[in-house]
Each structure stands twice: as C-alpha cells, then as structure tokens.
Amino acid sequence: MIQDPRRMTTFNPNDIPSRFDFAEAQNRIFKMWESGGYFEGNPESKKPPYTVVIPPPNVTGALHLGHALNNTLQDTLIRMKRMQGFNTLWMPGTDHAGIATQAVVERRLKEDEGKTRHDLGREALVARIWNWKEQYEARILGQLKQIGSSCDWNRTRFTLDEVCGRAVRHTFFDLFQKSLIYRGKRLVNWDTYLQTTVSDDEVFSKTVKGQFWHFKYAVVDPKPGEPEYVIVATTRPETMLGDTAVAVHPEPDRALDRVASELREKLKKSSDSEKASVEAQLEALAARRELMLPKLEQLRDMASDGRKLSLPLMDREIPLVCDVWAKPELGAGCVKITPAHDPNDYEVAKRCDLPMINIMNRDGTLNVETGVYSGLTMKQARKKVVEDLDALQLLDTVEDREIELPQSDRSKTAIEPYLADQWFVAMSELSQSAIDAVVEDKVSITPKRYERGYLDWLGEKRDWPVSRQLWWGHQIPVWTKTCESEAEVQPLIDAIHSLSGFDETAAAVQLEPCEETDSDKRTKLELPFASVHVCVQSGCEDFENALEEMGLTREEDVLDTWFSSALWPHSTLGWPEQTPELACFYPTSTLITSRDIISLWVARMVLMGLNNCGEVPFEKVYIHPKIQDGFGETMSKSKGNGIDPLDVIAKFGADALRFGMAHLCTETQDVRLPVQFECPHCQHSFDQTKKNRILPKVTCPGCKKEFSTQWAESEEDKALEKGAVISERFETARNFVNKLWNASRFAMLNLEGYEASPISEEDLTVEDRWMLSRLTTVSGNVTAYLEDFKYADATRELYEFAWHQFCSFYVEMLKDRFADESKRPHAQRMLAYSLDCLLRLLHPVMPFITEEIWQNLAQVCPERGWSEVATANRCIIDAAWPELKPVWRDLAIENQFSLYQAALSDLREIRNSQNIGNKKKVKFSIKCAADIGEQLQPLGSYFSRMANAELVALGPAAVAPETSATRTTAEMEIYVDLDGLIDIKAEVKRLEKEKVNLEKSISSKQRQLSNEKFVAAKPDLANEIRTSLAQAESQLATISDSLQKITAKL
RNA sequence: GGGCGUUUAGCUCAGUUGGCUAGAGCAUCUCGUUUACACCGAGAGGGUCGGGGGUUCGAGUCCCUCAACGCCCA
C-alpha cells in the first residue's frame, strides 16, 4: 500500500477499474498540466524553440470534426517536440471572421426581433457581436481543451483584440506609406442583402434555368445598304438600362479562323463518341462563316466609322465599338456593354474608354439613372424592361438556357457586380516575395502537390480588395476630405502637416484624383478635383480628433478579415513591439491547416510576414485531408451530417477521438467517415441516411423509441431526448485505449515488490531481446513518421506493436516468468522499462491515458531505467522522448522470434480446425534442421501457455506420431499428436487445400526460374526464389506424405 | 474549360524503388468466460486491385485511353 499524493488516498493496484474512466480523468489531468505550467513557452529558455500557431477558428459557431482533426495533428506534433526537449509554444486564438460573424448575428437579430442592423446602429450592433463572440469563443476554447490541446492558453489571442489591432494598424500604415495600399473604383461583388462587398472567395455560382433574350437596337441614320437594327442578346435584360456601347469584333474573319482551328485541334484529340459532335460544330461554323462574315465585316466597318445606336427606353445614343470580347461565332456577333455591372464589360470599357453608368442603389434597387425604372428591384425591372421592349417591337427572340448565377456564400442571395470605391493592396511585389519563399524552399509545403496552386494563385498578382462595408472588423484608419478644386489641395495638405502631432511616423498622406466618368458628369455640375487621404498610426487619438475638426471624416469600412489573419504568426507574438516572444518564437516552425485556405491565408501570411518581419512566418506547411461523411459529402451542420467532437469525446473519450483522427490522416486522400445516429434511450447506433439526417425526430430501429435531432423545432419534438451524431469508426481506437489500460493494469498488478536496479544484459532472454529490438525499430519509425507528418503510419505502427507484439506476446510470456521467483525481479524491470517506453511513444497521440498510467506506474515503480536507474519524471507530458540504442535492433533475434510465432500459429490453427477444446492439452513435435531447433529451444516452453501444447520432440530426429495433424512452414514440419482426437475429414480437407496452394506457388516459382531473361537480370532474386522453391517442394512432399497416410485411415 | 486527387474484401483504408500465395481494422462465420482486458482470445471465409490497351521476363504499382466520383481555380 502506497500513499498517493495526488488523491490523498491509498494506491492499491487491485482497485484499478478494468476500464479507463476517461470522463473523470480528462478534466483532472488537463487541470494538472495547465496549473503545472507545462503548456507555457518560455522566451527566456535556452532550449531550441519550436512554435506552432493555431489556425484560429472562426467565432461563428462551434467546432466540428475538421477542427478536431486539425488540432489533434498540431497537438501531437507539439507534444512530441516538447518531449524531444524543445522550448515549445503552441499559440492559440480565434478569428473574428468579419462578414461571417456579422451575418450570423444580423440573421438572429432579424429572426428574434425583426430588426436590421440599421435599426440598432453601429455601436449597438458591434456590442452585440462582441457578446456573441464571448459566448462562442468560450465554447470553442473549451472544446479545444477537451480535445487535449496543449496550447499556451495564457497567450490566447483574438484577431480583433488590442494586440492584433495594433499590428493591423501598423501594417496598414506601412503599406499606405509605401503606396502599396490605394483607393480606387472597381467592379466588386456586391451582396445586396448584407450591403457589402464580398470577396471572390465568398462567391459561389449556381446553375439555374434562365432565358437568353435578343433585343433590337436601332442604328442611328443608317447609310444605304446598312442594317436598320443590330441584335444583341443577354441573360439580364434589365442591365440594358446601363448600356454604354455595343461591341463587334475588330477582325471577324480571323476570329472565326481561330475558333475553327481550335475545333480541329479538339477533333484530333477527341474520342470516337465525341467526334461526330465536333465535326457538326465545324460544319456549322463553316456555314456561318459563309452566311455571316459579310455582315460582321460590315458591322466592324460601321463601328470604325463611328456609327451610333439608339438605346431603347433610355433615349440615349451609344457607340458601336470594336473589341475582341465580341464573339463572331455566337448569335448576331454583337454584344451589349454594361461596364458598371459586368466584369467583362468593365474590361471592355477600360480598353475602349467608355463611360460607366451605375444603375443600382446599395440595396439592389435601381437608382435615378434609370428614370422611370428607378426604385424597382432587379426582378421587377427585368419584367418591365422586357414588356416595354416588346411593346416597342424591339424584342426579337427568347431562348431557354442554363445560366450561371453568382451567389453570396454569406447571405445566399444573388451577387450583383457593382462599381464602388474600395481600398486595395497592390500585390505585385508582395506576391513575388511569397513566390520566391516557396521556390527557394524557405517555406516547404507538404504534400508537395499543393505548391502548384499556391504559386499559380500568387502568380496572378491580382490586387487585393481589402475594404468591407461592415461594422465588425478593423475599421480602416484613414481620414478623408474631398477637395472641390485644385486650389484647395495644397493648403489642406499644408494644414495637415502643420497639425500638432504630425510626423512621418504617425501620419501619411495620399492624394486620389477623382476619375471622370460619364455618370459623374451628368449628375453633378462640378466634379470634385481630388480626395486627400490621411492614414494615421495607432495611439494618435489627439491627431485624429484634430483631423476631424478640420473636416476630414474617417473611412467607415472595415478590413477584410484575412488582413488580420495574414499577420497572425507575428501579431500574436506582439509585433510591432520587438518582444522577447517575437525574438524567440518567430519564425514559427510548422503550420498545419486545410487546403481550402492555402491561397486565402497561407500565401498571405507568407507575404505579410516577409513584409513586416523580413522573414518567412513558418518553415513548414502541412496540409491535412478533409473529412467527408459516408456519402463523400463534406460535413456541415446545415446538412445535418456534422459530428460534434464533444459527442465523440463523451462516447469514446478524447484519446480515442485523437487516435481515430490521426489514424485517418493518410497522405493521398480525403477520408470518409460514415455517420451514425446514437439512440439516447438504448445507445443503439445506426447509419445516417440522406433522408433521416434532415428530420426533426427519428425512430430508433432498435428500441422503436423516438428521439430528437438538431432540427427539432416544435415543442413536442424538443421534448424528446436528443440523439447524438457520432461515428463508429472511433470504436477501434476506443478498444485500443481499453487494451492499453488493461495491459498497464496487468503491469501494476504484477509489479508488487518491484525493486529498482539497472538491467543486467546477462539476464536478457530471447523474448527480452526481441522486445528491445522491436521497441527500437518502432520508436525510430514513429519519430520519423511524425516528423514527416505521416500520422496514419505512426498510429498503425503503434497499434500493431502495442497490441500484437507487446500485449499478445511479450506480456503473455512474462506471465510464466513472474511465476518463477528467480526470474521475477528481472522480468519486472523489463516490464516497467518497456511499458515506460511505450507510454512515451503513445503520449503525443493519446495524452490522457498515457499520463494516467504514467502516474499510476510511479506508484509501484517510481524509479526506472536501463543502465542507470532514476526517478521518473512527475508527468509524462515533459518526459524525454524515447531514444533507444540502435544496437538493440537485431534482425537475427526478430527472425528467431518469428520462427516461434509461425509454429504457434500453426498449432493454433490445428486446434481450431480439429476442434480441440482449450482445456485439452496436446503433444506435438517439430521436425527441422539442427540450427532451427537450437533457435526454437529457448522459446519451447511458451507453447504450453500460448497454445496449451507440449513440445515433445524438436530437431532433425523428430518423427510424426502415428495419428497426427501436419503443418509445414518454410523451415519446419509440425506434427500434433491426435491419438483419439482426430477429425480425419477435416484434416484431409485442410491438407488438400494446403497442397493446392503449394502447387500453385511452386509452379509460379518454376515459371519464373525458367525465364532466362529474369534469371540473368536479377540473379540475387532468382537465388532467393530457388531457395524458397526448394522449401516449398519439401513442404509439398511432407504434406503429400501426410495426406496419403491419413487418407488410408478413412 | 483548366488543374489536382481518388477508384484495391460488404464498409473504411494500407500497399516503398515494378518481384514469392495482395494486407489491416470493422462487419460476417466457427470455437472459447485459461484471473489484465468480451471494449477480450484463437481461427476461418471473403479481392479477375474501376474497364480496355501498352511497356516489361514480370504490372495493384509505370505509360496511354475510357468511365465514375471528389475538390480547387475560371
């Protein structure tokens, strides 16, 4: 009986339950680690640093299994590094997730109170979002801790907190000063519901049924021979109100030639099934060329001649222009140009210097530019425009057609291309730096195939629109005043410069000339000359106030959420302050994330890290798989197939969740995780289907009772108990936890009387040496696998070793030795030593159970070791990572042991096929070469425990008993004496099968050896095959002989 | 349309540079409560490696092609 200081109770191995009470242990152990300061990175430490920054989860909601995977992998890595003696820091935090969070809170506001954000006002809405954030952040951090994440929680950051805010402002100021940030009018994706710009990444396109409308635009004063109308086609008739031109192709003949030659290329490559269709297209094109080319050339000439068209409904003359955007192979070959509402038309307008007319208000209704259509929604306007054109007999034809409609991922409403003032980051130089970092291998991406997407995306060097018309985010630190005339500009700038507090480190000035657009000219008599923008550093409130007194107003927009995320690796360490943390932990070591944000986040972190700190933010990036459900669909709450990690933890435990996650994490592919409902009444689990996963309540097929799901809304449904959504795939891991727990329980029960002492090499038995050899190999492999992010390989190796080698063989064999007083002390030391190593190897993946066992082990054998005995670390979390002596790796011993394993497995198979009860002891002989006999000799006694079989003869002289079952391996013949027991038919059947197998194998080997080219090319391999052929032939002879004998008894 | 990935046992996945009878877990079947563990132990059955073609002495593995599925970018 030993006092246990942790529990202030008496530790008795007999009291250890046969199952690990993970629910109780997890919280207790996590608190112990946290209060012990084990998670803390120390910037003063002399140890080499190892840093990981968490991909900050969005505060929009709870974590899902993808997060569980992501954080398991990070924690596994950081725990191994901690044990390897690094000064580790895993930096935690959450992301404010701008539009996503604001959209969630706004939706709730609308649903619960019927209010919009404008009813509430900026300050009140932001306060509400902060409230939401506090709630969800607490939940998210709680989830991360439940998973076991060993982050340095005292350093938890939030992308919108003061420290990150300072970094954002500093960065913005720096880029502004370098003129890498500028303001301009651009066509943006406008979400009319949220009334904000959304980035390209937040837009997805949906294919819907629509129409393709053809209109006639009259030619103004056509010359003789010229058409009276041109026909244009569109899927969006209402946009014609903003048309400022119609384009035709400048070289229709060459354009048609190019299309034709592309088709011919395609024809060469296409399969038989496709050929007919491509040929038909070519013919149609040729016919079209015949028919249309003169007309297209005429239109081109009209355009060059400056001919104008009359835009119906608007009474506006618009030019006919030449531009390559027009497609001579389609329709009438003319395309209407709406620069302010279509990305392609916008480009045309820039090339042809066309006016741009904005016809939309921010809420998606039409503005005053559209005259009588003003105030209508797009949908209403479409109907009216079509009707009005029809009434004027300008509607030509209408075709049905599938169209791609851009949708906002945030509001799920249609996106309108919209011309707006936006702030941009110029990407040319910044992108190049991030490209170079990867090309020069300063940042390595694993798996390597993801490099390409990263490089391609950065290679486009598209400027980054960073302003968002939101209230939740970092407000852009720019104050602006518009100057009506040139004369005002310099005095204003002078005045700003002479303000108290102005200096170049605190404020920067940009002048933005106003772009002339046709629209501006017509709506305002006098065009303002320019805008003066002043960007202000943080901590200059007085200066800001002074600017406002001068009549400058602060930009209302906030920054894209990725702007602050891009700074995460250095902002969290305190940059721009030169903190000890920054000096110690930057650049960080490894980033572990998912592939969908390689460009959005990873690439931007690299370029911002280089810009701000002059060094890459991390050396390695590991991209992990994505988790899908059993149908290959991504998991999400909105589909009903999302699994809450906490449900998995509640049912299987955090270690099982983690082991299961790591076990799934293979390099090549995404993983499918079939999803089940678990009945809260009878714990029966059954597969989710696409049908039942969207129901508010489900009937359990086991107990026939109903339970509710996440969709329950009615009072009646909500009153039902809620069923969890889980996956049975974690059972394997849970069973493994149990196995480990019981193996260690066995150890505690048998370590009574343990006396610490160095292990004497003389006392090592064959099985000890085998265990040491395996342990050495496994620890080397696991280390290498984890360093290379091969999590699945590492867990497979550990599972196989712990279960099928350590438990099934080594522990079983120890039982005999524990029974022998003289062998007991050495056996105990070996058990303590090998279990100790195994626990360390498993700790990164399964931290809780290994810590619990470690501390229990300390109760029975606090002092352990090999050649030197020392008191084990108090906690396994910072125990040293196992480094075993390479000389222990002994293939000869492993081969010797596998002889025993092969014989054992044949014995067991005979017992089973002959249906011999466990309690019936059998006698058997092994006929083999003398050296094989010598190798088996020391292990011979273990056949008794492991197969209830007594080895009566071993070696070349052994003979088959009169009535026996026979098995052969490459090196041995095994005869089990079955006098009075034998099931002859079963044995005949078994032997015949074996005979067929051997014959198959022999003929395949003979075929190979008779192949002269093979023997010449691979002599070594041929020799091996010769040896194994001889063995197989000898086996066949034995089997045939036995078969003959036994058949005679039938 | 472009790029990447996947297709191996009923399910989820391994399978190094081509080389002996293609492996594991779960599920199925048989036997078993031998005191660490029934969340256990022993054993068995189950695969023309998506289809076709090629290179090779030899292809799950390399090449071409067709098909299906998934993801990313336009």
Side-chain angles (χ1 to χ4, degrees), chain A residues 13 16-20 200-201 205 266 271-273 404 447 449-450 452-453 456-457 460 595-596 598-599 625-626 628 630-634 652-653 656 660 663-664 666-674 687 727-750 792-793 796 799-800 803-804 807-808 811-812 814-815 904-905 907-919 945-948 970 990 996-1005 1007-1018 1020-1022 1024-1025 1027-1029 1031-1032:
Chain A
I16 302 174
S18 68
R19 296 208 185 153
F20 175 44
D200 290 347
D201 323 298
S205 73
K266 194 174 166 192
S271 62
D272 293 347
S273 57
E404 295 284 311
R449 64 173 179 275
Y450 293 115
R452 187 168 172 156
D456 286 354
W457 186 83
E460 290 183 23
R595 81 172 93 87
D596 36 13
I598 295 175
S599 44
K626 303 207 66 167
Q628 303 166 342
F631 304 106
E633 295 180 13
T634 49
F652 298 105
H663 198 255
L664 289 173
T666 56
E667 189 180 313
T668 46
Q669 52 185 330
D670 291 345
V671 283
R672 287 188 178 194
L673 202 65
D687 284 344
S727 176
E728 287 170 353
R729 290 289 305 277
F730 294 103
E731 275 182 10
T732 307
R734 189 265 322 263
N735 295 351
F736 183 53
V737 166
N738 181 251
K739 187 71 183 176
L740 195 67
W741 179 254
N742 278 289
S744 68
R745 191 159 74 102
F746 168 84
M748 309 306 166
L749 290 167
N750 286 281
D793 291 312
R796 269 169 229 274
Y799 181 93
E800 168 66 21
W803 198 311
H804 294 114
C807 291
S808 296
V811 168
E812 284 306 309
L814 283 172
K815 286 176 181 173
L904 182 69
S905 115
L907 276 173
R908 285 170 165 173
E909 197 270 317
I910 291 172
R911 293 197 74 108
N912 266 289
S913 66
Q914 287 293 316
N915 207 8
I916 302 165
N918 286 345
K919 287 184 175 149
R945 167 170 293 278
M946 299 176 77
N948 200 13
R990 183 66 183 76
V996 170
N997 282 343
L998 282 166
E999 281 165 350
K1000 230 163 72 182
S1001 162
I1002 286 167
S1003 70
S1004 118
K1005 286 177 211 289
R1007 205 174 326 120
Q1008 270 189 295
L1009 289 172
S1010 66
N1011 182 331
E1012 284 169 28
K1013 285 189 187 172
F1014 168 64
V1015 178
K1018 297 271 177 174
D1020 293 348
L1021 195 55
E1024 276 177 40
I1025 291 173
T1027 314
S1028 72
L1029 174 62
Q1031 284 167 341

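By convention in this document, chain letters (A, B, ...) are assigned in the order of the sequence lines, proteins followed by strands, and residues within each chain are numbered from 1.
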Would you say A:R911's side chain and A:A947's backbone share a donor-acceptor pair under 3.5 angstrom? yes
Shortest non-hydrogen contact between A:M946 and A:S808, atoms and distance: CE-O, 3.3 Å
Nearest heavy-atom pair of A:L664 and A:V671: which atoms, and what distance? O-CG1, 2.9 Å
Mind checking [X] for me? I need base, sugar-phosphate or nothing, with any heavy atom below 4.0 Å counting as a touch.
X	result
A:R945	nothing
A:Q1008	base
A:E999	nothing
A:S1004	sugar-phosphate
A:K1000	nothing
A:S1028	base
A:I1025	nothing
A:R745	sugar-phosphate

For a quick check, tell me whether the side chain of A:E460 and the base of B:A74 share a donor-acceptor pair closer than 3.5 Å. no
Looking at [N], which nucleotide sits across from it as a Watson-Crick or G-U wobble partner, both distances under 3.5 angstrom, or is there none?
N	value
B:U17	none
B:C40	B:G32
B:G10	B:C26
B:C71	B:G3

Which nucleotide in the set [options] lies at the smallest distance from any side-chain heavy atom of [X]?
X	options	result
A:N912	B:C57, B:A36, B:G43	B:G43
A:E909	B:G43, B:A14, B:C39	B:G43
A:Q628	B:G70, B:U21, B:A36	B:G70
A:N735	B:C57, B:A14, B:C39	B:C39
A:R449	B:A36, B:G25, B:C4	B:C4
A:A1017	B:C57, B:C13, B:A36	B:C57
A:R734	B:C13, B:C37, B:C39	B:C39
A:P674	B:U12, B:A36, B:C39	B:U12
A:N918	B:G43, B:G32, B:G3	B:G32
A:R796	B:A14, B:C37, B:A36	B:A14

When A:N1011 and A:L749 are each assigned the nearest nucleotide of RNA chain B, the 5'-most assignment goes to A:L749
Relative to the 5' end of RNA chain B, which residue comes earlier, A:R729 or A:N915, by the nucleotide with the nearest heavy atom? A:R729
Can you find a heavy atom in the side chain of A:Q1008 that is under 4.5 Å from one in the side chain of A:L1021? no
Heavy-atom side-chain proximity of A:F652 to A:V737 below 4.5 angstrom: no
Within 45 degrees of the axis of the six-membered ring of A:Y799 and under 6.0 Å from its centre: does A:K739 put its NZ or CZ there? no
